[in-house]
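Let me begin by presenting the structure, written as structure tokens, before commenting on it.
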Amino acid sequence: MTRVITYGTYDLIHEGHIRLLKRAKALGDFLIVGVTSDTFDRQRGKINVQQSLLERIQGVKATGLADLIIVEEYEGQKIDDIKRLNVDIFTVGSDWEGHFDYLKEYCKVVYLDRTEGISSSDIRAERHELRLGLIGESTILNKIVKESRYVNGMSISGIYSRRDDFRLEDATVRCYDSLDALTDHSDALYIISSPRHHFADVRQVLLKGKHVLCESPIAISLKEMESLKELAARQQCVLMDSIKTAYSLAYSRLCLLAKSEIIGDIVSVDAVSTSLNDQDYKLDNHLSGSWNSICAWGPTALLPVFQLLGTNYREKDIVTHLLPDTHHYDTFSKISFVYPHAVASVKVGRGAKSEGELVISGTKGYIYVPAPWWKTDYFEVRYENASDNTRHFYPLEGEGLRFELLMFLKSVYSKKSYSYVTTDISTAIVKVIDDFYQGRDVVLI
């Protein structure tokens, strides 16, 4: 019996995939198909995958061509699979010509011509053309424009800014003189206006039946947040919280490891996020208290606390230092939480600087993420015996923004949430910020 193996993502399976699988099947008597996992696809920089791993496996299974389906999860697995499964022939499309010649040491390698004019990328682009409008004044908007180019089926429709002097680096993006005009020419909006404008901006967009990806916090009062959630549900629109760190591969992996009890029971989460002399700080009108420390850094720093320990804390206190003669502009704030079996601390600052690290402590060891942890590609799992320590490296594509945009696109067209920031966490973030503005559990220094 001649055993043949091939690999692929098989996203939105199409006639080209089927023809290739038929030709692979014809090379032998038993066809093994390796479907790449979501994590491995991201490690390879392939982030435009629309379907989940299970959906893609089901797609391959439905062709009836695979005798065995396996999941490809790591670099170098092909050699392991060829040896383990007694494979005689490895085959793949001719666009990989020469790339897998190293496998000739283990089996015969055959490159097959692909079907011209058919690709998952083309299908994705045809099915999903989302016009994304931009609202705000932040330099992050330049990154959104850049990263959107890597997401098939997404285009930037224009920008509306309340500041006449604000300009994007890409001068080809059309500027609109009103939010209404931009919304009329968009299918969805990315909002990073002042947090004080978020409620009104999000509400205006949702009322027009358009989807929203809003830089966290979505609102600065719990009442406003609940109102927006109800409106989004009524309008059948996606309302998604934008915290790019949640979509960083390294960050998502460390959360999975922490939850797997690799460091035992989690007893403490400590996150520090500060910045000085950043452009957004200079542009911000700090007298309005808009992008103050707790709004600019609070959502990011609170993310690992709520994702790892949950949102049902027992006690909380906020110690803050306000800039003189301002309305709620905190140059530095520290938030402490007490849970039934753990504690957490968050330090944020736009007028003070500290080491921006993340430490997750457990009963067996701890996870250490060096500064700046919110856009890391590396972390360590450390133990009492240093010889047991492990280091983990992952690519950081687009600081998480690229994958966030893709998940937003998937949420819009699948009509179910693919957000890595759950609604309860979004709401918990707004509650902390609401408490800050209302002076609840706040100590001024």
Side-chain angles (χ1 to χ4, degrees), residues 138 192-199 214-225 241 243 245 268-339 342-359 371-374 421 425-445:
S138 172
I192 190 170
S193 52
S194 162
R196 290 185 177 274
H197 291 139
H198 279 183
F199 173 71
C214 184
E215 190 71 20
S216 195
I218 291 176
I220 59 174
S221 90
L222 197 55
K223 183 178 179 180
E224 291 177 348
M225 179 67 177
D241 207 330
I243 305 179
T245 301
S268 176
V269 177
D270 301 285
V272 180
S273 299
T274 63
S275 58
L276 287 176
N277 302 320
D278 60 75
Q279 188 63 22
D280 287 338
Y281 176 83
K282 294 176 181 178
L283 294 174
D284 189 28
N285 176 13
H286 60 256
L287 293 177
S288 70
S290 51
W291 284 112
N292 51 8
S293 298
I294 202 161
C295 285
W297 283 119
T300 298
L302 290 168
L303 182 68
V305 174
F306 292 149
Q307 285 189 324
L308 295 174
L309 299 179
T311 59
N312 296 319
Y313 48 85
R314 195 169 62 197
E315 297 176 21
K316 173 189 90 277
D317 66 73
I318 305 170
V319 179
T320 188
H321 180 268
L322 299 181
L323 200 63
D325 303 319
T326 65
H327 301 291
H328 296 105
Y329 199 99
D330 58 323
T331 59
F332 177 84
S333 289
K334 179 180 179 181
I335 310 169
S336 299
F337 298 91
V338 177
Y339 286 81
V343 294
S345 71
V346 163
K347 295 179 184 178
V348 294
R350 298 192 78 187
K353 189 63 181 172
S354 186
E355 185 71 14
E357 60 188 15
L358 171 65
V359 180
W373 70 264
W374 53 90
V421 183
I425 290 177
S426 293
T427 304
I429 289 171
V430 172
K431 184 182 185 309
V432 171
I433 291 172
D434 189 7
D435 287 344
F436 168 83
Y437 279 105
Q438 297 304 318
R440 292 186 288 261
D441 304 322
V442 174
V443 177
L444 297 178
I445 58 172

Subject >> Least distance between heavy atoms, Gly349 atom then Trp297 atom >> reply: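 Here Gly349 and Trp297 meet closest at O-CD1, 3.5 Å.
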**OP:** Mind checking side-chain contact (heavy atoms from CB on, under 4.5 Å) for Lys353 and listing every partner two or more places apart, or none if nothing turns up?
**Re:**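 Partners of Lys353 under the side-chain contact (heavy atoms from CB on, under 4.5 Å) test: Thr274, Leu276.
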Original post:
Hey, what do you get for NZ (Lys347) to OG (Ser336), rounding to the nearest 0.5 Å?
Top reply: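 Spacing of NZ (Lys347) from OG (Ser336) equals 9.0 Å.
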Heavy atoms, side chains only, cut-off 4.5 Å: are [X] and [Y] in contact?
| X | Y | result |
| --- | --- | --- |
| Ile433 | Cys295 | yes |
| Arg196 | Tyr437 | yes |
| Val432 | Ile335 | yes |
| Asn292 | Leu322 | no |
| Asp241 | Ile425 | no |
| Ile218 | His198 | no |

**OP:** Just do the side chain to side chain contact (heavy atoms under 4.5 Å, CB included) check on Val421 and Ser216 with the steps written out, would you?
**Re:** CA-CA 10 Å; Val421 183; Ser216 195; over 6 Å; no
[X] side chain vs [Y] backbone, donor-acceptor pair below 3.5 Å:
| X | Y | answer |
| --- | --- | --- |
| Trp373 | Ser273 | no |
| Thr245 | Trp374 | yes |
| Ser293 | Thr331 | yes |
| Asp317 | Val443 | no |

Mind listing the side-chain donor-acceptor pairs of residues 299-314 below 3.5 Å, one per line with the distance, residues two or more places apart or on another chain?
unit_1	atom_1	unit_2	atom_2	d
Gln307	OE1	Tyr251	OH	2.6
Gln307	NE2	Tyr420	O	3.1

**OP:** Look at atom NZ of Lys334 and say whether more than 12 heavy atoms of other residues, nucleotides or ligands are closer to it than 6.0 Å.
**Re:**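 No.
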Subject >> Trp291 ring center within less than 6.0 Å of His197 ring center >> reply: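 For His197 and Trp291, the ring centres are not under 6.0 Å apart.
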Subject >> Pairing of Asp434 and Arg440 as salt bridge, 4.0 angstrom limit >> reply: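 Result for this pair is yes, salt bridge flagged.
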Subject >> Step-by-step side chain to side chain contact (heavy atoms under 4.5 Å, CB included) determination, Val269 to Leu358 >> reply: CA-CA 8 Å; Val269 177; Leu358 171 65; 4.2 Å; yes
